[in-house]
Amino acid sequence: MPVPKKRRSKSKKRIKGACWKIVPPQLRPCPSCGALGVSHSACLECGQYKGKQVIQLKQKDTPKES
Ligand SMILES: [Zn+2]
């Protein structure tokens, strides 16, 4: 297991902690429905990935029969 040779000083720790920023997620339009979504993952609007139905989406429009 790797062990650090020297203790990192307070200022070095703070300098490293200060120079990172939040990167916004890369959004791309879905090829089937056109909604924006995260790349390399199934579309949340139509549930398709690479032209296949991957997620069974719940249909909110249909009223419940009770
Ligand atoms: Zn889609």
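Start at 1 and go down the list; that is how both ligands and their atoms are numbered.
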task: Rounded to the nearest 0.5 Å, what's the gap from OG on S32 to CD on Q48? Could you check?
output: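 The distance works out to 4.0 Å.
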Minimum-distance pair of heavy atoms, taken over all atoms of [X] and [Y]:
{"X": "I55", "Y": "C43", "result": "CD1-O, 4.4 Å"}
{"X": "Q53", "Y": "C46", "result": "NE2-O, 2.9 Å"}
{"X": "H40", "Y": "R28", "result": "N-NE, 4.3 Å"}
{"X": "L27", "Y": "V38", "result": "CD2-N, 4.0 Å"}

Taking everything shown except L44 itself, do over 12 heavy atoms lie less than 6.0 Å from its CG?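 Incorrect, the count does not exceed 12.
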What is the total of protein N/O/S atoms that are closer to the Zn ion (ligand 1) than 2.8 Å?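 Protein N, O or S neighbours of the Zn ion (ligand 1) under 2.8 Å, waters not counted, come to 4.
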